[in-house]
Number of protein chains: 2
Amino acid sequence: MITYIIVKCENHDYAKNRRAMSNKNNKNKAVRLSDVAAEANVSVITASRAMRAPEMVTPETRARVAAAVSSLGYVPNPAAQALASARSRIIGVVIPSLTNQIFGDLLSGVMDALEGGPYTPQFVNTRYRLSREEDLLRIFATQRPAGMIVVGIDQTETARNLLRDMACPVVQVMETGSDPIDMIVGCDQRAAGREAVAHLLEQGYRNIGFLGARMDPRAQRRLAGYHDALADHGIRADANRVVTTPQPSSFTIGGQLLSDLLARAPDTDAVFCNNDDVALGALFECQRRGISVPHQMGIVGFNDLDVVSSSVPTITSVRTHRYDTGRQAVRMILAALAGEEISARHIDAGFDLMARQSTARRGPAPGATS
Amino acid sequence: MITYIIVKCENHDYAKNRRAMSNKNNKNKAVRLSDVAAEANVSVITASRAMRAPEMVTPETRARVAAAVSSLGYVPNPAAQALASARSRIIGVVIPSLTNQIFGDLLSGVMDALEGGPYTPQFVNTRYRLSREEDLLRIFATQRPAGMIVVGIDQTETARNLLRDMACPVVQVMETGSDPIDMIVGCDQRAAGREAVAHLLEQGYRNIGFLGARMDPRAQRRLAGYHDALADHGIRADANRVVTTPQPSSFTIGGQLLSDLLARAPDTDAVFCNNDDVALGALFECQRRGISVPHQMGIVGFNDLDVVSSSVPTITSVRTHRYDTGRQAVRMILAALAGEEISARHIDAGFDLMARQSTARRGPAPGATS
DNA sequence: CTGTTAGCGCTTTCAT
DNA sequence: ATGAAAGCGCTAACAG
């Protein structure tokens, strides 16, 4: 299917270019702190202090250094800084996947909050494997990161120790929990699942199923919330109505899961889906089968991606604040690095049930707008 | 909407922890190359060579060093390596956005291809701003990256010079072009747009519109391809049928764009959409208005996201190989760094028109599976 | 408030 | 094939 067409061939020698550049009148030689110091007529350490701790030098020297910095176009060498101080400016971010939109949202929040500051995020991908998470943390440890952000609370004991040994602020994100490594921001996945299913019960649905792909720890907690809600209403859970797969979630898999569910329990009248991908896939499957949503089948998704508020019908979902969680995690780390008193080490970012047409069995359907 | 609940308050002193650790019997002190050398009874430089250039030392010393490395658990310090060699192990990746799924796919390919090797990707986000791209490249320059991957071919001249001055392999991705900075892998966006619209013409549609959100350079080229195809068939383009917005693309905006188009040109019988988000949004809008797809309206998307092959009807789209492009870009960089002869500096990753139900006006509709 | 002196852990260069 | 010496550019620790 993929075709590679060779259009042009010619080889470069990067090392040669580099050499050529260095020889050419030092033209491309990096400006060092000592150059700035010479220009400003101060010692190297004074120049350094003028930038890192302005209040420790006189305003006059500060200005001279600033002038030298901008006239020479000085930019510090991060490798030298890291080596000398045994601390890098890197904020490590450990996520389980990049192909899921929700992690993109989280990363956007992290990036935006870090923008303009001296710290740089570095993302790694565990692919949902705990052993890989440990390996990645060991690599991060050698970098002496300024801070760490990790998804979830299900790290192995080894991973927790690695994080603690980094002796830097650590924020766990996307969940809440009573025993965080250091700080935590996210939402209570189980409570959110419970509320989603409670909503279906309020709407009069009774034979409620659960569709789950991937079934990572957060999906497991949402499933626990599903059982909580049924128990709250004195409904006995039917194992046939819980259909899961270890495969990654996708729109396509949502349709398959619904088919499986209907084969096992044809009288199912509503489904709580692991996430919006699955929910939309389930909606499409209903359309294919001529099952009317919300009348014959109620559907609730999770995450409130943009797509569920524009589909026909719009899909009820639980909004989670992923972008904001990313920003908040960074703010917590920056505050800790600045030595500020951290008032909130454990933040519940909350969630919001967005009731829409896909569950509006009784009463007038909410409008198409979220 | 968002609630922050303070659950627990207590402050840590990371610096104190760090100090405590260092004092405790050197327990947590990093293993250095000199420790390995001492253990293996060789000089520091020999130990270094045993790892970086095994063929330069006797197999016997190589084995001794290897034993020392694993018994001590040595991991090199990247900051020291970067400082001494004036080269980091960082591969810089400059993308315009993280909230668009297609860049997530690209990053996945990059990450996967880099996995296990000594190089680390570092992602930055320009938010589609050329000035920000320049700033980010200046920051990368101080890191002496091992390689660079940048999206697109529309860098400013300043940005191109910054990239050249890094004297490292540079790969432009997602497009083709005759004047790349160094290497390039991607597809011909204009040709892809042309083929998409040619397909609509073949299916008998004549009043074909274009819906575009964001309108970044790649979207502009796809629009050029739209005009190409119309010209090929001797159809005069109608400016009223080209509806675009600078807003970011989303499912919701797709519906709005279609509404705008129908207000301006009610006799439109098909749309080529900038991307699949817009296409699906347009499909939903058709469903809301009772417009039958593909009979009254043909729809073609772009990128072939998972969702368009499971929707009802399934949506015709142009598959682009984003994950593979990311892998390929990394392979090109690694080959260049290894000093290999690069046979293909310009790779066309191609595209595939995936004809589906949303354009099956004549003949039997293709099945729901892609 | 400012300066001096030592490194950080590795690679480079030049010897042997 | 191996080694000794000299930094890379910055910051920490201590003096003044």
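For clarity, every value in this text was computed on a predicted model and none was experimentally measured. Quick note on labels: first sequence line is chain A, next is B, and so on, each numbered from 1.
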Residue pair B:Ala84/B:Ile45 against DNA chain D: nearer the 5' end by closest nucleotide is B:Ile45
Under 4.0 Å between any heavy atoms, over every strand shown, what does A:Arg52 touch: base, sugar-phosphate, or nothing? Just pick one.
sugar-phosphate
A:Leu163 CG to A:Glu133 CD distance, which is reported to the nearest 0.5 Å:
7.5 Å
B:Gln81 vs C:dT11: side-chain N/O to OP1/OP2 distance below 4.0 Å
yes
Integer-rounded Å distance: D:dC8 P and B:Leu33 CG:
20 Å
Value for CD (B:Gln172) from NE2 (B:His346), rounded to nearest 0.5 Å, stands at 9.0 Å
If we ignore angles and hydrogens, is there a donor and acceptor under 3.5 Å between the side chains of A:Thr120 and B:Gln122?
no
Would you mind telling me which residue lines up with the more 5' stretch of DNA chain D, B:Leu83 or B:Glu55, judged by nearest nucleotide?
B:Glu55
Does the side chain of B:Thr61 get closer than 4.0 angstrom to OP1 or OP2 of D:dT2 through an N or O atom?
yes
For a 4.5 angstrom cut-off between non-hydrogen side-chain atoms, does B:Val36 reach B:Glu39?
no
End axis versus end axis in the helix from C:dC1-D:dG16 to C:dT16-D:dA1, the angle rounded to 10°, five pairs used at each terminus
30°
Please confirm whether the shortest side-chain N or O distance from A:Ser48 to OP1 or OP2 of D:dT11 is below 4.0 Å.
yes
Can you label the angle between the B:Tyr128 ring and the B:Phe103 ring as parallel, tilted or perpendicular, going by 30° and 60°?
perpendicular
Using whole Å, report how far CZ of A:Arg62 lies from P of C:dT2.
10 Å
Roughly, in whole Å, what's the span from CZ in A:Arg32 to C1' in D:dG7?
11 Å
Beyond-backbone contact of A:Met148 with A:Leu137, side-chain heavy atoms, under 4.5 angstrom:
yes
